[in-house]
Amino acid sequence: MADYLLVQALNGLVIGVIYAVIAAGLTVIFSILRIVNFAHGEVYMMGGYFAYFAIKLLGIPPMGAVLVAMALSLALSVVVERAFLTPLYSPTTERKGDYGILVTFGISIFLRNIALIIFGPYPLRPPSFITGALIAGGFVMTWDRVFDAAAGVLMLIALLWFMHRTSWGEALNAVSQSRESAAICGINDQRFYMLAFGLGGALAGGAGALVGPIYSLSPSMGLIPDTQAFAIVILGGMGSVAGSILAGLLIGVSESMFVALFPDPSRSLTYAQAFSLLVLMVVLLVRPTGFFGRTHTALE
Amino acid sequence: MSGSMTPLIEARNLTMRFGGILAVNALDFAVHPGELVGLIGPNGSGKTTTINMLSGHLTPVGGEIMVRGSAATGRKASDFATIGVGRTFQITQLFSRMTVLENMLVPGLARPRSHKAAVTETARRHLDFLGLAKLEHLQARNLSGGQQKLLELGRALMLEPSILFLDEPFAGVNPFLRDEIIELVQKLHADGRTFVIVDHDIEALQRLVRRMVVMARGRKIADGTVDEVRHDQEVLRAYAGF
Amino acid sequence: MRIPTLIASLVLLALALAFPHLVNAYWLSVSILAIFYAIITASWTLLVGYAGQFSFGHMAFVSLGAYTSGLLVTSFGVPIPLGMLAGIIVCAVVGSGVGYVGLRMRGPYLALFTVAFSEVLRIIFVSETEITGGSGGLEVPPLFHIRSDIPYYYLGLILLAASLGAMVALVSSRWGLFFRAIRENEQAAAAAGVRVIRFRVLAFAIASSFAGLAGGFYAHYVGILTPDIGSVDQMGLVVAMAVIGGAESLVASVIGALVLEVAIEALRSYGEWRLVIFGAALLLVIRFARNGLLPLAWDRLARANPRLRRVFAG
């Protein structure tokens with residue numbers, strides 16, 4: 001039992017890294033555009049399919065396909081942002097909060113339905129990044145999971161480096177602190193909204209490409225990670241990238257433990273999905289500045 | 001104004017804290033029927049926090065609030081409104097996508113045992129008084145900034161308030177509108193209404209009020225006639241220090 | 001009511017009453033489902049468009065009403081009308097609960113909370129197979145034991161007319177004024193003496209009850225219930241109906257629901273593309289005609305012919 005729990009905990013840590021990547025993307029979007037992006041999970045889903053078809057149709061090796069998926073997700077996000085989110089920056093738009101909710105919800109519905117047609121309802125499984133498993137004593141973990149964790153950590157490090165060590169990242173940070181003062185300093189808002197939404201989308205798409213070989217792909221795969229990511233973002237203190245990463249790991253591990261310890265194994269998998277939803281509800285209720293919070297920012 | 005009357009509103013030892021900051025520190029403050037009080041102080045001195053507590057929009061961490069002699073501490077903002085505490089906001093808060101008349105009807109109809117015909121008539125009377133009568137079918141968001149300020153005042157009047165708190169009525173207001181607001185408040189005061197007016201515009205307040213209360217760093221540092229307050233050493237220090 | 005309005009209303013009424021005898025069984029069943037969606041869409045509009053409480057959990061209440069009635073009837077032999085009534089009551093109670101715990105949230109947070117609530121409920125219905133039959137579905141006895149759908153149509157029409165009438169009366173009453181005041185500005189509403197907590201909870205309770213009513217009717221019409229009825233995709237359909245019609249007007253959103261449901265069936269040959277088309281339509285309407293197509297059309301018409309303004313204003 002102890003071994004089993006350890007394996008579960010490590011699996012949870014791997015998934016936690018993936019959640020952290022998704023949530024970090026959501027955080028970047030939230031902190032710059034001030035919207036809760038209901039379509040984030042669908043970009044994650046599209047990322048998974050982008051990688052799949054990059055491998056199947058273009059013959060790109062699986063690891064390279066992750067980068068292709070990130071690039072395509074970035075492009076998709078920029079198109080979405082240009083087409084639908086620009087009213088958020090216009091002073092003449094009324095009730096921007098409502099607009100943000102409705103339009104991103106609409107985009108999520110649209111992407112899910114179009115994925116259903118193009119990719120079909122049946123689960124697709126891209127090939128492994130590395131076949132086989134890491135075996136050490138009684139401990140077994142597939143190399144895919146090991147790779148996912150490593151690649152996820154790499155993405156997070158790259159994000160933190162970008163946000164804190166490059167001029168673009170610093171400018172993004174400035175916009176997230178205050179739109180007005182950033183504009184006064186001559187930072188061109190519009191380009192940074194585009195950058196932030198694209199960056200967030202690239203992270204989601206990358207995460208989708210990573211989980212493909214573990215979970216397989218389906219048009220509705222984005223729904224649950226999306227809510228998980230929201231729970232993580234809020235738990236991590238709205239807008240703190242480092243907070244999201246830690247909260248992601250925490251939720252990954254606790255979710256695995258929940259599955260491992262759930263009394264009725266036949267239901268543990270369906271209720272595992274409910275776990276993150278319940279976490280989200282509780283987090284919303286006790287309402288956070290999170291544990292690494294910047295103070296919570298009102299969204300209206 | 002005799003001291004033996006029950007105050008309309010009274011704060012005892014009122015205290016508010018945000019995080020580690022003591023925004024209002026053990027404030028004692030009473031307003032009697034028929035008074036017209038100015039509440040001034042430098043930025044961050046706790047004036048708006050005080051109004052927010054006295055109208056139920058913030059729950060104090062310590063102290064008591066009495067409205068006409070009965071305890072009101074901890075009650076909701078809507079309760080304060082129904083027992084006759086009206087207010088306006090620093091940044092005008094209207095129901096922007098509702099008509100001018102509808103804005104006026106909300107407080108009227110929220111009063112228990114109100115009748116629509118009577119409330120509508122009162123609303124029209126107030127709109128007439130404020131010079132907004134012709135605009136009653138416009139949406140509030142289509143009014144000018146000044147008209148919006150007047151409408152907010154009108155909406156507070158619909159509560160038939162026994163006391164009215166005005167939070168910075170002169171901020172960002174042109175001189176003509178300022179004079180108009182002063183005149184309206186004077187008329188309403190002559191009709192027996194009680195006001196507490198928070199503002200930075202000391203010149204405007206001097207034309208209007210007899211009693212002035214000064215706050216600094218969450219404390220009341222002076223309370224008296226306009227002349228008394230103007231020559232108070234602590235007040236001069238507080239303003240010079242900021 | 002002026003004469004042209006009166007005549008138009010009478011013609012519409014006659015058409016609605018004669019409708020089952022003018023169409024075949026297939027279109028009759030489509031129109032019954034359209035009525036079902038119209039009740040849901042109107043009540044979502046009441047909650048979101050009027051009271052400003054952004055909920056994506058409305059279909060959860062439809063499924064709650066449906067399963068409550070279905071389970072009471074199948075497991076305890078409760079008469080169907082009582083089962084449906086129980087569904088409404090359960091939805092009112094749970095709806096007040098959701099409204100109450102959601103009090104501290106607004107905007108996107110409330111939307112997230114209600115999505116999560118909705119999915120949790122759906123997962124429970126999927127997982128508790130011994131009770132609900134899970135994804136395989138729950139068989140529910142029909143309301144009428146005859147082979148024609150005509151009685152369902154008339155019952156649905158009565159329920160829709162009664163619901164819509166009640167909601168229109170509600171939004172034109174002082175409660176409706178308070179709902180809109182809360183939507184516009186909660187702080188100002190409180191300062192105006194509106195009991196914000198009471199009316200926010202009430203808005204949830206009332207809208208959820210109508211959802212529960214629609215759910216009960218649906219359960220005993222289709223005869224088989226699956227947890228999918230409460231899915232986010234179903235919610236998306238209702239959002240599309242309300243927003244495309246006009247989510248700030250009860251009548252516009254009802255027309256949106258009726259037209260969209262019929263369009264979905266009429267475009268059957270397009271298969272799955274239909275949902276993409278509606279998704280795209282939803283996005284375009286949100287982007288370019290935020291108040292919906294009908295208010296836009298009314299506006300244009302009224303501008304072209306000022307005499308029409310009075311008709312539409314009513």
Side-chain angles (χ1 to χ4, degrees), chain B residues 51-52 54-58 75-99 101-116 119-120 123 137 139-141 148 151-161 164-165 167, chain C residues 45-46 48-54 100 103-104 106-107 169-203 246-250 252 289-292 295-296 298-299 302 306 309-310 312-314:
Chain B
I51 290 201
N52 283 344
L54 291 179
S55 57
H57 286 264
L58 269 179
R75 299 182 68 175
K76 292 190 293 281
S78 54
D79 293 335
F80 275 84
T82 27
I83 57 177
V85 180
R87 69 165 295 175
T88 64
F89 293 88
Q90 217 170 70
I91 298 164
T92 314
Q93 308 278 331
L94 292 173
F95 308 126
S96 14
R97 288 184 303 143
M98 290 164 66
T99 66
L101 184 62
E102 283 174 332
N103 268 271
M104 299 288 283
L105 292 183
V106 171
L109 293 174
R111 288 160 62 81
R113 287 179 299 281
S114 50
H115 295 285
K116 186 150 184 207
V119 169
T120 310
H137 291 299
Q139 290 207 330
R141 61 177 169 172
Q148 295 195 354
L151 176 57
E152 197 191 28
L153 175 64
R155 196 181 59 198
L157 289 174
M158 288 300 293
L159 292 167
E160 302 292 341
L164 255 165
F165 290 97
D167 197 354
Chain C
T45 296
L46 180 70
V48 178
Y50 285 85
Q53 307 300 307
F54 235 109
Y100 188 78
L103 276 176
R104 297 180 59 196
R106 51 184 56 85
L170 178 69
V171 300
S172 17
S173 75
R174 69 178 70 190
W175 284 18
L177 194 69
F178 298 159
F179 283 161
R180 283 159 60 216
I182 290 170
R183 174 192 75 191
E184 290 298 307
N185 191 327
E186 261 184 41
Q187 195 182 32
V194 176
R195 292 162 190 275
V196 173
I197 295 179
R198 175 185 298 179
F199 283 100
R200 275 187 64 167
V201 172
L202 253 171
E248 290 193 5
S249 151
L250 288 169
R290 277 194 57 197
N291 295 328
L296 190 75
W298 288 340
D299 230 39
R309 193 184 291 276
R310 291 246 314 260
F312 295 130

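Throughout, protein chains are lettered first and strands after them, A, B, ... in sequence-line order, and every chain is numbered starting at 1.
Across B/Leu109 and C/Arg174, no two heavy atoms sit closer than the pair O-NH1, 3.0 Å. For the pair C/Ala188 and B/Phe89, the tightest heavy-atom approach, listed with the atom from each and the gap, is CA-CE1, 4.3 Å. What you find for B/Ala81 and C/Ala192 is that their closest heavy atoms are CB-C, 4.1 Å.
One finds the OG atom of B/Ser78 at 8.5 Å from the CZ atom of C/Arg198 (value rounded to the nearest 0.5 Å).
Heavy-atom proximity under 4.5 angstrom to chain B picks out C/Phe178, C/Arg180, C/Ala181, C/Arg183, C/Glu184, C/Asn185 from residues 178-185 of chain C.
Options B/Gln93, B/Arg155, B/Lys76, B/Arg87 differ in how many heavy-atom pairs under 4.5 Å they form with chain C, and the most are formed by B/Gln93. Heavy-atom pairs under 4.5 Å with chain C were tallied for B/Ala140, B/Pro161, B/Ser96, B/Ala156; the largest tally goes to B/Ser96.
For B/Ile83, no part lies near chain C; criterion is any non-hydrogen pair under 4.5 Å. For B/Thr88, no part lies under 4.5 angstrom from a heavy atom of chain C. With a 4.5 angstrom heavy-atom cutoff, B/Asp79 touches chain C only via side-chain atoms.
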